[in-house]
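Remarks on the structure that follows.
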Amino acid sequence: MSDDSKPLNFIEHIVEEDLANNFPKEHLRFRFPPEPNGYLHIGHASSISLNFGLGLRYNAPVNLRFDDTNPAKEEQEFVDAIKKDVTWLGYEWDTERYASDYFQQLYDWAIYLVKKGRAYVDNQSSEEMAAQKGTPTEPGTESPNRNRSVEENLALFNQMKKGEFKEGTHVLRAKIDMASSNMLMRDPIMYRVLHKAHHRTNTDWCIYPMYDWTHGESDYIEQVSHSFCTLEFAMHRELYDWFLDQVYDEKKVRPKQREFARRNLSHTVVSKRKLAQLVENGVVGSWDDPRMPTISGLRRRGYTPESIRNFTETIGIAKRDNLIDVSLLEFQVRNHLNKVAPRVMGVLDPLKVVITNYPEGEEEWLDAENNPEDESAGSRKVPFSREFYIEKEDFREEANKKFFRLKLGKEVRLKNAYIIKAESCTKDTDGNIIEVQCTYDPKSKSGSGTEESLRKVKGTLHWVSIKHAVEAEVRLYDRLFTDESPDTHKGKDFMDFVNPDSLQVIKGYLEPHLKEAKIGDRVQFQRLGYFCVDPDSTSEKLVFNKTVGLRDSWAKIAEK
RNA sequence: UGGCCCAUGGUGUAAUUGGCAACACUCCGGUUUUUGGUACCGUCAUUCAAGGUUCGAGUCCUUGUGGGCCAACCA
């Protein structure tokens, strides 16, 4: 495999080491286990790439497992969205599983634990139990219910299951060690009463297993060999192993939990809870708002699956805290779109230009290359006429030598058209330039092969013939937060850093064939950036999203 | 005051059993260019600190320092 040449991350080293220690390769199995309580985001993309990448690398199955043990938060809508996103990213799971598929098995095992004296029913309030829990530096105290008889526990647990108790009154706890230095080992809760309908099991159950009791056992049931999760679960590993010990059969694969650091992206938040807050508070329109770091948001923004996969590959996986600069993500989408996006012309901040020596009423259709990076993309025709738009910032009455664009008395090349020279301009009463008058060199037509057409002029501008222009709504996006790490400031809420100007809606003028553009189409507006057609687009009204700008070295020069 | 994890350029990751600190991005400078895009070339680190082991330490040991996580009937 070509993968062999690439350096391994620490997770791959762990797998390699297990293989070297005679773990059978055919027993390798992985899983991606989202809770269906929200949409997947760029952080999940790393986990998805890790697990499915391992599956590809070792030709091992990868399950998509929904960790659906909390009916209060989970919905079918999210299950569907997650499946769509994983598929869109280009991965195929072996089998689709649900933790809820295992509710009966988990229940049977719980009974087994009760019978072994390893679990008991506690009917104290959560406050009482919290008080007995102790602190990281002080041991906890044992519950008065800790030594109930097996018979009594069995009866109580049965009553819990039958719905005879109200929520919050009874729980099943593992009997471990109230003095453990690991708070999670201080008799953790295995089951709670929840009189809520579940999106899959409906009202079959009114007791639901907790994460810790569910996750490792689910891995075990599925015979997952390596269970990877984020660092905040590191302390859970001891409990994961303890629960496994209770039911483990030596002849089976024993799953191994290992942890990696969550990927943090600059100028955004990567947490389902916080992203949900942005939606609920109306900061963004929806989970798939193009400003969101969700997979669906990035998709709508115009990102390609390839660019996201390349991103996760280049940022890698490790255990240290990180804040990945968004420029690494932007590079990947530019890099991919540069190769595949057709070039077109669009003017977003129009200034009218009139060629005084071009015949009135005349028009010609000029050849334009679709993609200089891809000869097979061919060419198209664009209409040229006496009056057209250029960008306002592409004209100045006077400017220094670094300004390669149109200025009075100087020439520029119009992309795929003629060389023009600015002769004069007119202004409104406020002094704003509203029109530029030019002359053109009729022999300088692009591709005509004449001596004049081969002349070198410093600047090349994009333009759109006014008579032929198609209007479109264009949505420009800026970073969602003004701070690079909005949720890491103690005493400050991440919402305080929301960028009030993250969305700007303008009108653009595009070359006419864009009228045929379909939802999801991605193009490069030459000299401006990459844009895609938003799902809001209709046959009457085109809507484009700006995915990302081109690298802009002029902006840096202009700043100085 | 307890336990667990982590520390390599501006950012993210690499570095066979200890053996010339590498790759990508960014920044800065340059070449090419009918996109100030692309492509190409170049500059930017004595690996948190102090000791120790060793012919040799980013890697092993000790002690610091800094950061993260742990007391939801969430996952």
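So you know, we letter chains A, B, ... as the sequences are listed, proteins then strands, and number each from 1.
- Partners of A/Y211 by side chain to side chain donor-acceptor pair (under 3.5 Å), not counting sequence neighbours: none found.
- Salt bridge present: A/R380 and A/E511 bring a charged side-chain N and a carboxylate O closer than 4.0 Å.
- Among the heavy atoms of the strands, none lies under 4.0 Å from A/P34.
- Remark: the backbone N or O of A/D394 is not paired with any side-chain donor or acceptor of A/R396 at under 3.5 angstrom.
- No contact: A/K401 has no heavy atom under 4.0 Å from any strand.
- If you check every strand for non-hydrogen atoms under 4.0 Å, A/S327 touches sugar and phosphate atoms only.
- Taking only side-chain atoms of A/R320, from C-beta outward, the nucleotide of B/G12, B/U8, B/G36 with the closest atom is B/U8.
- Here A/M210 lies in heavy-atom contact (under 4.0 Å) with sugar-phosphate atoms only.
- Within the 4.0 angstrom heavy-atom criterion, no nucleotide atom of any strand lies near A/S180.
- When the C1' atom is used for both B/C74 and B/C27, the distance is 43 Å, rounded to whole Å.
- Atoms CD (A/E313) and P (B/G12) sit 19 Å apart, rounded to a whole Å.
- The separation of B/U1 from B/A50, taken at their P atoms, amounts to 25 Å, rounded to a whole angstrom.
- The separation of B/U63 from B/C55, taken at their C1' atoms, amounts to 26 Å, rounded to a whole angstrom.
- B/A24 and B/C41: their P atoms are spaced 10 Å apart (whole Å).
- Ring-centre distance between A/Y191 and A/F157: below the 6.0 Å cut-off.
- Comparing B/U59 with B/U47, their P atoms are spaced 9 Å from each other, to the whole Å.
- Here the two rings, on A/Y418 and A/F384, have centers that are under 6.0 Å apart.
- Residue contacts shown for A/E35 are limited to sugar-phosphate atoms, with no base heavy atom under 4.0 Å away.
- Pairing of B/C69, defined by two Watson-Crick or G-U wobble distances under 3.5 Å, is identified with B/G3.
- We find that CZ of A/R334 is positioned 15 Å from C1' of B/A24, with the value rounded to whole Å.
- Following rounding to the nearest Å, A/H195 (NE2) and B/C73 (P) show an atom-to-atom distance of 17 Å.
- Remark: of the listed residues A/F531, A/Y509, A/F525, A/F525 is the sole one forming a ring pair (Phe, Tyr, Trp, His ring centres under 6.0 Å) with A/F544.
- Residue A/D552 has its side chain nearest to B/G36 when only B/G36, B/C74, B/U35 are considered.
- Taking the side chain of A/M183 as heavy atoms from C-beta on, and the options B/G36, B/C70, B/C6, the nearest nucleotide is B/C70.
- Residue whose closest nucleotide on RNA chain B sits further toward the 5' end, between A/N322 and A/R527: A/N322.
- Side chain of A/S181, nearest nucleotide from B/U35, B/G3, B/G12: B/G3.
- Where stacking is scored as ring centres under 5.5 Å apart with planes under 30°, A/Y211 does not register as stacked on the base of B/A75.
- Of the side-chain N and O atoms in A/R192, one or more sit less than 4.0 angstrom from OP1 or OP2 of B/A75.
- Nucleotides B/C23 and B/U32, compared at atom C1', are 25 Å apart to the nearest Å.
- Residue contacts for A/E484: at a heavy-atom cut-off of 4.0 Å it reaches no nucleic acid atom on any strand shown.
- When the P atom of B/U35 is taken as reference, atom CD1 of A/I390 falls 17 Å away, rounded to whole Å.
- By the 4.0 Å N-to-carboxylate-O rule, A/D187 lies close enough to A/R146 to be salt-bridged with it.
- Among the atoms of the strands shown, base atoms are found under 4.0 Å from some heavy atom of A/L328.
- Side-chain proximity of A/N338 to the nucleotides B/C73, B/G37, B/U26 is greatest for B/G37.
- Atom CZ of A/R237 and atom C1' of B/C5 are 10 Å apart (whole Å).
- The side chain of A/T135 lies closest to B/A71 when the candidates are B/A71, B/G3, B/U38.
- Using a 4.0 Å heavy-atom cutoff across all strands shown, A/L184 reaches no nucleic acid atom at all.
- Listed pair A/T460 / B/U33 fails the phosphate criterion, with no side-chain N or O lying under 4.0 Å from OP1 or OP2.
- Rounded to the nearest Å, the gap between the P atom of B/G18 and that of B/U13 is 24 Å.
- A/K556 has a side-chain polar atom (N or O) that falls below the 4.0 Å cut-off from OP1 or OP2 of B/C27.
- The aromatic ring of A/F404 sits over the base of B/G36, with ring centres less than 5.5 Å apart and planes tilted by under 30°.
- Rounded to whole Å, the distance from NE2 on A/H13 to C1' on B/U13 is 12 Å.
- A/A234 comes within 4.0 angstrom of no nucleic acid atom, judged by non-hydrogen atoms across all strands.
- Using a cut-off of 4.0 Å between Lys/Arg side-chain N and Asp/Glu carboxylate O, A/E167 and A/K196 are scored as salt-bridged.
- Heavy-atom distances to RNA chain B give each of A/Q332 and A/P33 a nearest nucleotide, and the one nearer the 5′ end belongs to A/Q332.
- Residue A/I557 has its side chain nearest to B/G36 when only B/G36, B/U34, B/A75 are considered.
- Note on A/L461: nothing from the nucleic acid sits closer than 4.0 angstrom, heavy atoms only.
- Nucleotides B/U62 and B/A75 have their C1' atoms positioned 39 Å apart, rounded to a whole Å.
- When heavy atoms are screened at a 4.0 angstrom cut-off, A/R343 is found touching base atoms of the nucleic acid.
- Nearest to the side-chain atoms of A/N9 among the listed nucleotides B/A14, B/G68, B/U34 stands B/A14.
- B/G36 atom P lies 11 Å from atom CH2 of A/W554, rounded to whole Å.
- In this structure, the CD atom of A/E511 is 16 Å from the P atom of B/U35, given to the nearest Å.
- Both distances falling under 3.5 Å, in either a Watson-Crick or a G-U wobble arrangement, occur for no nucleotide opposite B/U34.
- Checking the phosphate oxygens (OP1, OP2) of B/G37, a side-chain nitrogen or oxygen of A/S553 falls inside 4.0 Å.
- Summarising the base pairing, B/C60 is matched to B/G52 through a Watson-Crick or G-U wobble pair whose two defining distances lie under 3.5 Å.
- A salt bridge links A/K381 and A/D367; the closest N-O separation between the charged side-chain nitrogens and carboxylate oxygens is under 4.0 Å.
- For A/E373 against B/G37, a side-chain N or O and a base N or O form a donor-acceptor pair under 3.5 Å.
- Using a 4.0 Å heavy-atom criterion, one finds that A/K339 contacts no nucleic acid atom at all.
- Looking at heavy-atom distances under 4.0 Å, A/I315 makes contact with sugar-phosphate atoms alone, never a base.
- For B/G36, the OP1/OP2 oxygens have no side-chain nitrogen or oxygen of A/K402 closer than 4.0 Å.
- Checked against A/D219 for a salt bridge (charged side-chain N to carboxylate O under 4.0 Å, His left out), the options A/R97, A/K256, A/R258, A/R65 give a single hit: A/R65.
- The phosphate of B/U34 (OP1 or OP2) has no side-chain N or O of A/K415 nearer than 4.0 angstrom.
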